[in-house]
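Below: one structure, written as C-alpha coordinates.
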Amino acid sequence: MPSADLLSELRWRGLIHQCTDEAALAELLKTPQTFYIGFDPTATSLHVGGLMQLMMLRRFQQAGHRPIALVGGATGMIGDPSGKSEERNLQTDEQLEANVAGVAAQMRAFLDFDGPQAALLLNNYDWMKDFSYLQFLRDVGKYFPVGTMLGKDSVRSRLDGDSGLSYTEFSYMLLQAYDFVRLAKEYDCRIQGGGSDQWGNITAGIDLGRRMLGQPLVGLTAPLLLTSDGRKMGKTERGAIWLDPERTSPYAFYQYWRQVDDADVMRCIAYLTEIDREEYDALAAQTAEDPGRCAAQQRLAEWMTQFVHGDDGLNSALRASKMLFGGEIEALDDRELGEIFEDVPSSEVDRAALDGDGLWVVEAFQRAGLTSSNGDARRTIKEGGAYVNNRRVANANVRLTANDLASETMMVLRKGKRKYALLRFSQEP
RNA sequence: GGGGGGUUGCCCGAGUGGUUAAAGGGGGCGGACUGUAAAUCCGCUGACAUUGUCUACAUAGGUUCGAAUCCUAUACCCCCCA
(Lines give C-alpha, C1' and ligand atoms only; values in the text may rest on other atoms or scores of the structure.)
Protein backbone atom coordinates (compact mmCIF):
# COMPACT_ATOMS: atom_id res chain seq x y z
CA MET A 1 0.00 0.00 0.00
CA PRO A 2 2.16 2.81 -1.28
CA SER A 3 1.45 5.98 0.58
CA ALA A 4 0.54 8.94 -1.58
CA ASP A 5 1.76 11.12 1.21
CA LEU A 6 5.43 10.21 1.00
CA LEU A 7 6.28 13.20 -1.12
CA SER A 8 4.42 15.65 1.04
CA GLU A 9 6.02 14.05 4.09
CA LEU A 10 9.46 14.56 2.60
CA ARG A 11 8.54 18.08 1.65
CA TRP A 12 7.49 19.29 5.06
CA ARG A 13 10.57 17.70 6.54
CA GLY A 14 12.63 19.68 4.08
CA LEU A 15 14.23 16.52 2.77
CA ILE A 16 13.94 17.32 -0.89
CA HIS A 17 16.86 19.40 -2.00
CA GLN A 18 16.76 18.65 -5.68
CA CYS A 19 14.82 16.26 -7.86
CA THR A 20 15.51 15.52 -11.49
CA ASP A 21 11.83 15.24 -12.33
CA GLU A 22 9.27 15.77 -9.59
CA ALA A 23 6.29 14.98 -11.76
CA ALA A 24 7.79 11.69 -12.87
CA LEU A 25 8.69 10.85 -9.29
CA ALA A 26 5.16 11.55 -8.10
CA GLU A 27 3.83 9.33 -10.86
CA LEU A 28 6.22 6.49 -10.01
CA LEU A 29 5.42 6.63 -6.32
CA LYS A 30 1.79 5.82 -6.97
CA THR A 31 2.87 2.20 -7.25
CA PRO A 32 5.43 0.32 -5.16
CA GLN A 33 8.93 1.22 -6.30
CA THR A 34 12.46 0.27 -5.53
CA PHE A 35 14.62 3.03 -4.16
CA TYR A 36 18.34 2.98 -3.61
CA ILE A 37 20.98 4.92 -1.77
CA GLY A 38 24.68 4.17 -1.80
CA PHE A 39 26.88 4.20 1.28
CA ASP A 40 30.57 4.81 1.35
CA PRO A 41 32.33 2.29 3.56
CA THR A 42 34.88 4.72 4.93
CA ALA A 43 34.75 3.30 8.45
CA THR A 44 33.40 0.29 10.30
CA SER A 45 30.51 2.40 11.51
CA LEU A 46 28.09 4.89 10.06
CA HIS A 47 27.94 8.38 11.44
CA VAL A 48 25.22 10.96 11.53
CA GLY A 49 25.27 11.76 7.83
CA GLY A 50 24.83 8.11 6.95
CA LEU A 51 22.02 7.80 9.41
CA MET A 52 20.15 10.51 7.61
CA GLN A 53 20.33 8.51 4.39
CA LEU A 54 19.31 5.38 6.21
CA MET A 55 16.26 7.20 7.54
CA MET A 56 15.44 8.10 3.98
CA LEU A 57 15.40 4.45 3.05
CA ARG A 58 13.17 3.75 6.03
CA ARG A 59 10.75 6.45 5.02
CA PHE A 60 10.43 4.90 1.59
CA GLN A 61 10.01 1.47 3.06
CA GLN A 62 7.32 2.61 5.43
CA ALA A 63 5.50 4.22 2.56
CA GLY A 64 5.35 0.85 0.85
CA HIS A 65 8.46 0.86 -1.32
CA ARG A 66 11.43 -1.44 -1.43
CA PRO A 67 14.68 0.05 -0.22
CA ILE A 68 18.10 -1.03 -1.40
CA ALA A 69 21.07 -0.11 0.72
CA LEU A 70 24.07 -0.37 -1.51
CA VAL A 71 27.39 -0.64 0.21
CA GLY A 72 30.19 0.59 -1.97
CA GLY A 73 32.69 -2.22 -1.67
CA ALA A 74 33.91 -1.41 -5.17
CA THR A 75 33.46 2.34 -5.22
CA GLY A 76 35.07 2.52 -1.80
CA MET A 77 38.22 1.23 -3.40
CA ILE A 78 38.32 4.28 -5.63
CA GLY A 79 37.12 7.15 -3.46
CA ASP A 80 34.38 9.58 -4.30
CA PRO A 81 35.81 13.04 -5.05
CA SER A 82 32.43 14.70 -4.40
CA GLY A 83 32.70 17.24 -1.63
CA LYS A 84 36.34 16.41 -1.02
CA SER A 85 38.94 19.05 -1.53
CA GLU A 86 41.84 16.67 -1.81
CA GLU A 87 42.73 13.33 -3.28
CA ARG A 88 42.05 10.59 -0.81
CA ASN A 89 44.33 7.79 0.17
CA LEU A 90 43.22 4.40 -0.98
CA GLN A 91 42.02 2.03 1.69
CA THR A 92 43.55 -1.37 2.06
CA ASP A 93 41.48 -4.37 1.10
CA GLU A 94 41.24 -5.64 4.66
CA GLN A 95 40.19 -2.25 5.93
CA LEU A 96 37.55 -2.01 3.28
CA GLU A 97 36.23 -5.47 3.97
CA ALA A 98 35.92 -4.70 7.67
CA ASN A 99 34.19 -1.44 6.88
CA VAL A 100 31.68 -3.04 4.56
CA ALA A 101 30.89 -5.68 7.15
CA GLY A 102 30.50 -3.14 9.95
CA VAL A 103 28.28 -0.80 8.01
CA ALA A 104 26.15 -3.63 6.68
CA ALA A 105 25.57 -4.95 10.18
CA GLN A 106 24.33 -1.57 11.33
CA MET A 107 21.94 -1.23 8.45
CA ARG A 108 20.31 -4.53 9.26
CA ALA A 109 19.07 -3.03 12.50
CA PHE A 110 17.28 -0.13 10.88
CA LEU A 111 15.58 -1.62 7.86
CA ASP A 112 13.01 -4.36 7.62
CA PHE A 113 14.34 -7.34 5.74
CA ASP A 114 11.12 -9.33 5.80
CA GLY A 115 7.79 -9.02 4.11
CA PRO A 116 6.78 -7.86 0.66
CA GLN A 117 8.85 -4.69 0.87
CA ALA A 118 11.89 -6.49 2.27
CA ALA A 119 14.96 -4.31 2.10
CA LEU A 120 17.96 -5.47 0.12
CA LEU A 121 21.52 -5.07 1.18
CA LEU A 122 23.86 -5.20 -1.80
CA ASN A 123 27.52 -4.65 -2.40
CA ASN A 124 28.62 -3.30 -5.75
CA TYR A 125 31.86 -5.21 -5.45
CA ASP A 126 29.82 -8.28 -6.33
CA TRP A 127 29.26 -7.08 -9.89
CA MET A 128 32.35 -4.97 -10.30
CA LYS A 129 34.93 -7.52 -9.27
CA ASP A 130 34.72 -9.55 -12.49
CA PHE A 131 34.29 -6.62 -14.81
CA SER A 132 37.46 -6.32 -16.87
CA TYR A 133 38.90 -2.93 -17.57
CA LEU A 134 38.51 -3.38 -21.31
CA GLN A 135 34.96 -4.55 -20.98
CA PHE A 136 34.08 -1.66 -18.74
CA LEU A 137 35.53 0.88 -21.14
CA ARG A 138 33.60 -0.66 -24.02
CA ASP A 139 30.29 -1.15 -22.21
CA VAL A 140 30.17 1.86 -19.97
CA GLY A 141 32.94 4.33 -20.72
CA LYS A 142 31.77 4.70 -24.29
CA TYR A 143 28.65 6.50 -23.09
CA PHE A 144 30.45 9.15 -21.12
CA PRO A 145 31.30 12.38 -22.94
CA VAL A 146 34.35 13.82 -21.26
CA GLY A 147 32.95 17.31 -21.73
CA THR A 148 30.02 16.48 -19.49
CA MET A 149 32.22 14.83 -16.94
CA LEU A 150 34.44 17.89 -16.78
CA GLY A 151 31.39 20.01 -16.17
CA LYS A 152 30.44 18.25 -12.93
CA ASP A 153 30.94 20.33 -9.82
CA SER A 154 32.91 17.62 -8.09
CA VAL A 155 35.45 17.60 -10.89
CA ARG A 156 35.50 21.29 -11.64
CA SER A 157 36.03 22.39 -8.09
CA ARG A 158 39.02 20.11 -7.85
CA LEU A 159 40.49 21.31 -11.13
CA ASP A 160 39.94 24.93 -10.13
CA GLY A 161 41.61 24.34 -6.82
CA ASP A 162 45.25 23.52 -6.56
CA SER A 163 44.96 19.93 -5.44
CA GLY A 164 43.92 18.45 -8.77
CA LEU A 165 42.46 14.98 -9.03
CA SER A 166 43.68 11.67 -10.27
CA TYR A 167 42.30 9.70 -13.16
CA THR A 168 41.12 7.18 -10.59
CA GLU A 169 38.90 9.59 -8.75
CA PHE A 170 37.84 11.15 -12.02
CA SER A 171 36.46 7.74 -13.00
CA TYR A 172 34.46 7.39 -9.84
CA MET A 173 31.26 8.69 -11.34
CA LEU A 174 31.28 5.98 -13.98
CA LEU A 175 31.17 3.33 -11.34
CA GLN A 176 28.33 4.90 -9.43
CA ALA A 177 26.46 5.58 -12.65
CA TYR A 178 26.82 1.98 -13.61
CA ASP A 179 25.49 0.89 -10.21
CA PHE A 180 22.25 2.69 -10.89
CA VAL A 181 21.89 1.10 -14.32
CA ARG A 182 22.71 -2.29 -12.91
CA LEU A 183 20.10 -1.94 -10.19
CA ALA A 184 17.58 -0.67 -12.68
CA LYS A 185 18.14 -3.68 -14.87
CA GLU A 186 18.22 -6.32 -12.17
CA TYR A 187 15.87 -4.95 -9.54
CA ASP A 188 13.78 -2.52 -11.55
CA CYS A 189 15.13 0.23 -9.34
CA ARG A 190 14.30 3.58 -10.90
CA ILE A 191 14.95 6.00 -8.10
CA GLN A 192 18.22 6.91 -6.48
CA GLY A 193 18.57 9.10 -3.44
CA GLY A 194 21.53 10.65 -1.67
CA GLY A 195 22.95 13.78 -0.13
CA SER A 196 23.08 16.92 -2.20
CA ASP A 197 26.76 16.29 -2.87
CA GLN A 198 25.72 13.19 -4.83
CA TRP A 199 23.80 15.13 -7.46
CA GLY A 200 26.51 14.82 -10.06
CA ASN A 201 26.92 11.10 -9.58
CA ILE A 202 23.19 10.52 -9.63
CA THR A 203 22.58 12.47 -12.81
CA ALA A 204 25.49 10.64 -14.39
CA GLY A 205 23.60 7.42 -13.65
CA ILE A 206 20.42 8.80 -15.14
CA ASP A 207 22.21 9.77 -18.34
CA LEU A 208 23.77 6.35 -18.56
CA GLY A 209 20.41 4.69 -17.97
CA ARG A 210 18.87 6.57 -20.84
CA ARG A 211 21.72 5.58 -23.13
CA MET A 212 22.20 1.99 -22.12
CA LEU A 213 18.62 1.01 -21.30
CA GLY A 214 16.54 3.72 -22.91
CA GLN A 215 14.83 3.99 -19.59
CA PRO A 216 13.99 7.14 -17.63
CA LEU A 217 15.42 7.09 -14.13
CA VAL A 218 14.83 9.59 -11.37
CA GLY A 219 17.16 11.15 -8.82
CA LEU A 220 16.39 12.80 -5.56
CA THR A 221 18.79 14.50 -3.20
CA ALA A 222 18.42 15.53 0.40
CA PRO A 223 20.08 18.60 1.86
CA LEU A 224 23.24 18.11 3.84
CA LEU A 225 22.79 18.25 7.56
CA LEU A 226 24.61 21.42 8.48
CA THR A 227 24.66 23.50 11.62
CA SER A 228 23.39 27.06 11.43
CA ASP A 229 26.95 28.31 11.08
CA GLY A 230 27.59 26.06 8.14
CA ARG A 231 29.55 23.19 9.58
CA LYS A 232 28.66 19.55 9.23
CA MET A 233 26.37 18.23 11.89
CA GLY A 234 27.68 15.33 13.91
CA LYS A 235 31.21 16.54 14.29
CA THR A 236 32.72 17.50 17.59
CA GLU A 237 36.19 18.63 18.57
CA ARG A 238 36.83 15.08 19.55
CA GLY A 239 35.70 13.64 16.24
CA ALA A 240 32.56 12.39 14.60
CA ILE A 241 29.46 11.08 16.31
CA TRP A 242 29.18 7.42 15.41
CA LEU A 243 26.35 4.97 15.67
CA ASP A 244 28.67 2.31 17.01
CA PRO A 245 28.42 2.36 20.83
CA GLU A 246 32.04 1.33 20.99
CA ARG A 247 33.04 4.54 19.25
CA THR A 248 30.46 6.88 20.69
CA SER A 249 28.88 5.78 23.93
CA PRO A 250 25.11 6.06 24.24
CA TYR A 251 25.70 8.74 26.85
CA ALA A 252 27.92 10.81 24.57
CA PHE A 253 25.47 10.26 21.75
CA TYR A 254 22.59 11.44 23.89
CA GLN A 255 24.52 14.46 25.08
CA TYR A 256 25.40 15.48 21.56
CA TRP A 257 21.77 15.84 20.62
CA ARG A 258 20.84 17.24 23.98
CA GLN A 259 23.23 20.12 23.32
CA VAL A 260 22.28 20.92 19.75
CA ASP A 261 21.89 24.65 19.18
CA ASP A 262 18.38 26.08 19.28
CA ALA A 263 18.82 27.20 15.70
CA ASP A 264 19.45 23.64 14.52
CA VAL A 265 17.30 21.48 16.71
CA MET A 266 14.07 21.56 14.70
CA ARG A 267 15.88 20.75 11.50
CA CYS A 268 17.51 17.76 13.15
CA ILE A 269 14.13 16.51 14.26
CA ALA A 270 12.73 16.90 10.76
CA TYR A 271 15.68 15.27 9.02
CA LEU A 272 16.60 12.49 11.38
CA THR A 273 13.57 11.36 13.32
CA GLU A 274 10.15 9.96 12.66
CA ILE A 275 8.49 12.38 15.03
CA ASP A 276 5.28 13.42 13.29
CA ARG A 277 4.16 16.79 12.10
CA GLU A 278 1.85 17.45 14.98
CA GLU A 279 4.47 16.88 17.63
CA TYR A 280 7.04 18.71 15.55
CA ASP A 281 4.86 21.81 15.46
CA ALA A 282 4.26 21.59 19.18
CA LEU A 283 7.99 21.33 19.87
CA ALA A 284 8.74 24.21 17.53
CA ALA A 285 6.21 26.35 19.40
CA GLN A 286 7.69 25.39 22.75
CA THR A 287 11.21 26.17 21.60
CA ALA A 288 10.14 29.59 20.39
CA GLU A 289 8.22 30.32 23.55
CA ASP A 290 10.45 28.85 26.20
CA PRO A 291 13.85 27.89 24.81
CA GLY A 292 15.18 27.44 28.33
CA ARG A 293 13.31 24.21 28.75
CA CYS A 294 15.11 22.59 25.83
CA ALA A 295 12.01 20.56 25.14
CA ALA A 296 12.99 19.96 21.53
CA GLN A 297 16.57 19.00 22.38
CA GLN A 298 15.39 16.56 24.99
CA ARG A 299 12.91 14.95 22.68
CA LEU A 300 15.47 14.75 19.90
CA ALA A 301 18.09 13.21 22.17
CA GLU A 302 15.60 10.74 23.55
CA TRP A 303 14.28 9.71 20.19
CA MET A 304 17.68 9.33 18.59
CA THR A 305 19.25 7.46 21.47
CA GLN A 306 16.39 5.05 21.82
CA PHE A 307 16.29 4.52 18.06
CA VAL A 308 20.00 3.83 17.72
CA HIS A 309 20.85 2.28 21.09
CA GLY A 310 17.52 0.90 22.23
CA ASP A 311 15.80 1.21 25.58
CA ASP A 312 18.85 0.08 27.50
CA GLY A 313 21.06 2.61 25.80
CA LEU A 314 18.59 5.39 26.42
CA ASN A 315 18.15 4.45 30.05
CA SER A 316 21.82 4.39 30.78
CA ALA A 317 22.26 7.70 28.97
CA LEU A 318 19.45 9.25 30.97
CA ARG A 319 20.76 7.90 34.22
CA ALA A 320 24.25 9.10 33.49
CA SER A 321 22.94 12.52 32.52
CA LYS A 322 20.98 12.75 35.73
CA MET A 323 24.06 11.87 37.74
CA LEU A 324 26.42 14.11 35.89
CA PHE A 325 24.21 17.13 35.82
CA GLY A 326 22.19 16.52 38.90
CA GLY A 327 22.43 15.30 42.39
CA GLU A 328 24.84 13.51 44.60
CA ILE A 329 26.41 10.25 43.74
CA GLU A 330 25.95 7.52 46.26
CA ALA A 331 24.56 4.08 46.85
CA LEU A 332 25.68 2.74 43.53
CA ASP A 333 27.67 -0.35 42.76
CA ASP A 334 30.82 -0.57 40.70
CA ARG A 335 29.06 -1.88 37.66
CA GLU A 336 26.52 0.95 37.54
CA LEU A 337 29.10 3.60 38.23
CA GLY A 338 31.39 2.14 35.62
CA GLU A 339 28.66 2.28 33.03
CA ILE A 340 27.58 5.79 33.85
CA PHE A 341 31.10 7.09 33.79
CA GLU A 342 32.45 4.97 31.02
CA ASP A 343 33.55 8.03 29.06
CA VAL A 344 35.38 9.44 32.01
CA PRO A 345 39.09 8.86 32.55
CA SER A 346 39.96 6.80 35.55
CA SER A 347 43.07 6.16 37.57
CA GLU A 348 44.06 3.36 39.86
CA VAL A 349 45.02 4.05 43.44
CA ASP A 350 46.16 1.61 46.06
CA ARG A 351 43.32 0.83 48.41
CA ALA A 352 45.65 1.13 51.37
CA ALA A 353 45.75 4.88 50.78
CA LEU A 354 42.30 5.12 52.34
CA ASP A 355 43.38 3.51 55.59
CA GLY A 356 44.31 5.47 58.69
CA ASP A 357 44.19 9.19 58.05
CA GLY A 358 43.08 8.54 54.53
CA LEU A 359 44.03 10.16 51.24
CA TRP A 360 44.63 13.88 51.07
CA VAL A 361 42.08 15.50 48.70
CA VAL A 362 44.76 17.52 47.01
CA GLU A 363 46.62 14.36 46.19
CA ALA A 364 43.44 12.67 45.08
CA PHE A 365 42.86 15.39 42.51
CA GLN A 366 46.44 15.12 41.40
CA ARG A 367 46.21 11.37 41.00
CA ALA A 368 43.02 11.78 39.03
CA GLY A 369 44.81 14.12 36.67
CA LEU A 370 42.28 16.90 37.14
CA THR A 371 44.78 19.45 38.39
CA SER A 372 48.24 20.36 37.18
CA SER A 373 49.95 20.82 40.54
CA ASN A 374 49.22 20.73 44.22
CA GLY A 375 48.91 24.48 44.10
CA ASP A 376 46.37 24.19 41.32
CA ALA A 377 44.40 21.68 43.35
CA ARG A 378 44.43 23.89 46.46
CA ARG A 379 43.36 26.82 44.36
CA THR A 380 40.51 24.91 42.80
CA ILE A 381 39.31 23.81 46.22
CA LYS A 382 39.53 27.34 47.56
CA GLU A 383 37.49 28.56 44.62
CA GLY A 384 34.83 26.00 45.35
CA GLY A 385 35.38 24.13 42.13
CA ALA A 386 36.32 20.75 43.53
CA TYR A 387 33.80 18.01 44.19
CA VAL A 388 33.96 14.48 45.49
CA ASN A 389 30.93 12.44 44.51
CA ASN A 390 29.35 15.72 43.48
CA ARG A 391 29.66 17.25 46.94
CA ARG A 392 31.78 20.33 47.10
CA VAL A 393 35.06 19.95 48.94
CA ALA A 394 35.08 22.38 51.86
CA ASN A 395 38.80 22.92 52.28
CA ALA A 396 42.17 21.64 51.21
CA ASN A 397 42.79 19.74 54.42
CA VAL A 398 40.05 17.20 53.87
CA ARG A 399 41.17 13.58 53.82
CA LEU A 400 39.30 10.86 52.03
CA THR A 401 38.60 7.53 53.62
CA ALA A 402 36.62 4.43 52.76
CA ASN A 403 33.50 6.32 53.85
CA ASP A 404 33.87 8.54 50.84
CA LEU A 405 33.64 5.72 48.33
CA ALA A 406 30.67 6.07 46.01
CA SER A 407 30.61 2.37 45.30
CA GLU A 408 32.66 -0.62 46.42
CA THR A 409 35.90 0.67 45.00
CA MET A 410 35.28 3.97 43.23
CA MET A 411 35.18 7.64 43.92
CA VAL A 412 33.98 10.30 41.54
CA LEU A 413 36.01 13.47 41.45
CA ARG A 414 34.94 16.54 39.58
CA LYS A 415 36.58 19.85 38.77
CA GLY A 416 34.29 22.66 37.74
CA LYS A 417 30.97 21.93 36.15
CA ARG A 418 31.73 18.99 33.97
CA LYS A 419 35.23 17.66 34.26
CA TYR A 420 34.98 14.29 35.84
CA ALA A 421 37.54 11.67 36.75
CA LEU A 422 37.21 8.36 38.48
CA LEU A 423 39.48 6.94 41.13
CA ARG A 424 39.48 3.18 41.45
CA PHE A 425 40.84 1.90 44.71
CA SER A 426 42.15 -1.49 43.90
CA GLN A 427 43.44 -4.08 46.29
CA GLU A 428 47.18 -4.26 45.95
CA PRO A 429 48.49 -7.82 45.86
C1' G B 1 81.26 43.43 6.00
C1' G B 2 79.68 48.26 8.89
C1' G B 3 75.82 50.65 12.07
C1' G B 4 71.32 50.54 15.02
C1' G B 5 67.18 48.05 17.62
C1' G B 6 65.23 43.90 20.00
C1' U B 7 64.66 38.97 22.96
C1' U B 8 59.78 39.67 29.59
C1' G B 9 55.18 34.61 32.37
C1' C B 10 50.60 30.15 27.69
C1' C B 11 50.25 34.61 23.94
C1' C B 12 50.46 40.03 23.26
C1' G B 13 52.65 43.79 25.99
C1' A B 14 54.39 47.54 30.15
C1' G B 15 58.44 47.99 33.23
C1' U B 16 65.05 50.71 32.70
C1' G B 17 68.87 49.35 40.13
C1' G B 18 65.14 48.33 45.77
C1' U B 19 57.36 45.85 48.66
C1' U B 20 58.48 43.18 40.99
C1' A B 21 56.15 36.55 41.28
C1' A B 22 56.66 41.35 37.64
C1' A B 23 51.11 46.75 35.26
C1' G B 24 47.43 45.97 31.33
C1' G B 25 45.04 42.88 27.71
C1' G B 26 44.07 38.02 25.53
C1' G B 27 43.65 32.97 26.54
C1' G B 28 42.81 29.28 30.22
C1' C B 29 40.63 27.77 34.82
C1' G B 30 37.04 28.36 38.86
C1' G B 31 32.51 30.77 40.73
C1' A B 32 27.70 33.58 40.18
C1' C B 33 23.77 34.13 36.74
C1' U B 34 21.38 30.90 33.00
C1' G B 35 18.81 26.64 29.61
C1' U B 36 23.87 21.04 30.44
C1' A B 37 23.25 27.73 25.51
C1' A B 38 25.14 32.67 24.44
C1' A B 39 26.21 37.16 26.75
C1' U B 40 27.55 39.32 31.38
C1' C B 41 29.80 39.82 36.19
C1' C B 42 33.42 38.28 40.07
C1' G B 43 37.86 35.59 41.39
C1' C B 44 42.22 32.82 40.14
C1' U B 45 46.25 31.89 36.72
C1' G B 46 55.29 29.70 38.67
C1' A B 47 56.44 25.53 42.18
C1' C B 48 56.52 23.52 46.98
C1' A B 49 54.69 24.50 51.82
C1' U B 50 48.99 24.72 57.01
C1' U B 51 51.65 32.88 54.47
C1' G B 52 57.42 31.04 54.56
C1' U B 53 60.96 28.91 51.04
C1' C B 54 62.63 28.15 46.19
C1' U B 55 62.79 28.92 40.79
C1' A B 56 61.77 32.86 37.25
C1' C B 57 62.17 38.37 32.80
C1' A B 58 66.97 34.58 25.72
C1' U B 59 71.90 31.82 27.70
C1' A B 60 76.51 32.12 30.66
C1' G B 61 79.38 35.11 33.65
C1' G B 62 80.27 39.97 36.29
C1' U B 63 79.29 44.82 39.13
C1' U B 64 76.27 45.86 43.58
C1' C B 65 73.96 45.35 50.33
C1' G B 66 70.35 44.60 46.31
C1' A B 67 69.28 43.72 39.09
C1' A B 68 64.18 41.98 34.58
C1' U B 69 66.58 46.78 34.93
C1' C B 70 74.05 48.28 34.79
C1' C B 71 78.64 45.62 32.41
C1' U B 72 80.89 41.39 29.35
C1' A B 73 80.46 37.28 26.16
C1' U B 74 77.16 33.87 23.35
C1' A B 75 72.65 32.64 20.54
C1' C B 76 68.48 34.11 17.83
C1' C B 77 65.37 38.07 15.52
C1' C B 78 64.45 42.91 13.10
C1' C B 79 65.98 47.48 10.61
C1' C B 80 69.52 50.73 7.97
C1' C B 81 74.17 51.27 4.98
C1' A B 82 77.44 48.29 1.56
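Lettering follows sequence order; numbering is per chain, from 1.
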Could you pull out the protein-nucleic contacts involving nucleotides 44-46 of chain B (nitrogen or oxygen on both sides, under 3.5 Å)?
from: B/C44; atom 1: O4'; to: A/Glu383; atom 2: OE2; distance (Å): 3.2
from: B/C44; atom 1: O2'; to: A/Arg379; atom 2: NE; distance (Å): 3.4

Would you classify A/Gly292 as touching base, sugar-phosphate or nothing, given that sugar-phosphate means primed atoms plus P, OP1 and OP2, and contacts are heavy atoms under 4.0 Å?
-> base

With a 4.0 Å cut-off on heavy atoms, is A/Asn397 in touch with a base, just the backbone sugar-phosphate, or nothing at all?
-> base

Does the [N] base have a donor-acceptor partner in the side chain of [X] within less than 3.5 Å?
X	N	value
A/Asp262	B/G35	yes
A/Gln297	B/U36	no
A/Arg258	B/U36	yes

Partner nucleotide of [N] by Watson-Crick or wobble geometry (both distances under 3.5 Å):
N	value
B/G61	B/C71
B/G9	none
B/U53	B/A47
B/A32	B/U40

Short side-chain donor-acceptor distance under 3.5 Å, A/Asp179 and A/Thr75 | no

Kindly confirm or rule out a cation-pi arrangement of A/Arg351 over A/Phe425, judged by NZ or CZ under 6.0 Å from the six-membered ring centre and within 45° of its axis?
-> no

Checking ring-ring contact (aromatic ring centres under 6.0 Å, His included) against A/Tyr420, which of A/Phe325, A/Phe341, A/Phe365, A/Tyr387 comes through?
-> A/Phe341

Assign each of A/Gly375 and A/Gly384 to its nearest nucleotide of RNA chain B by heavy atoms, then name whichever residue's nucleotide is nearer the 5' end.
-> A/Gly384

Among B/U50, B/A32, B/A37, which nucleotide sits nearest the side chain of A/Arg392?
-> B/A32

Picking from B/A49, B/G30, B/U36, which would you name as closest to the side chain of A/Lys415?
-> B/G30

Looking only at heavy atoms, the pair that brings A/Phe35 and A/Gly193 closest together is CE1-N, 3.5 Å

Smallest separation among heavy atoms of A/Trp257 and A/Cys268, with atom names | CZ3-SG, 3.9 Å

Between A/Phe110 and A/Phe307, is the ring centre distance below 6.0 Å?
-> yes

Side-chain N or O of [X] versus OP1/OP2 of [N]: is the shortest distance under 4.0 Å?
X	N	answer
A/Asn374	B/A49	yes
A/Tyr387	B/G31	yes
A/Arg378	B/A47	no
A/Lys417	B/C29	no

Just by modelled atom types, is the A/Val412 backbone N or O under 3.5 Å from a matching donor or acceptor in the A/Asn389 side chain?
-> yes

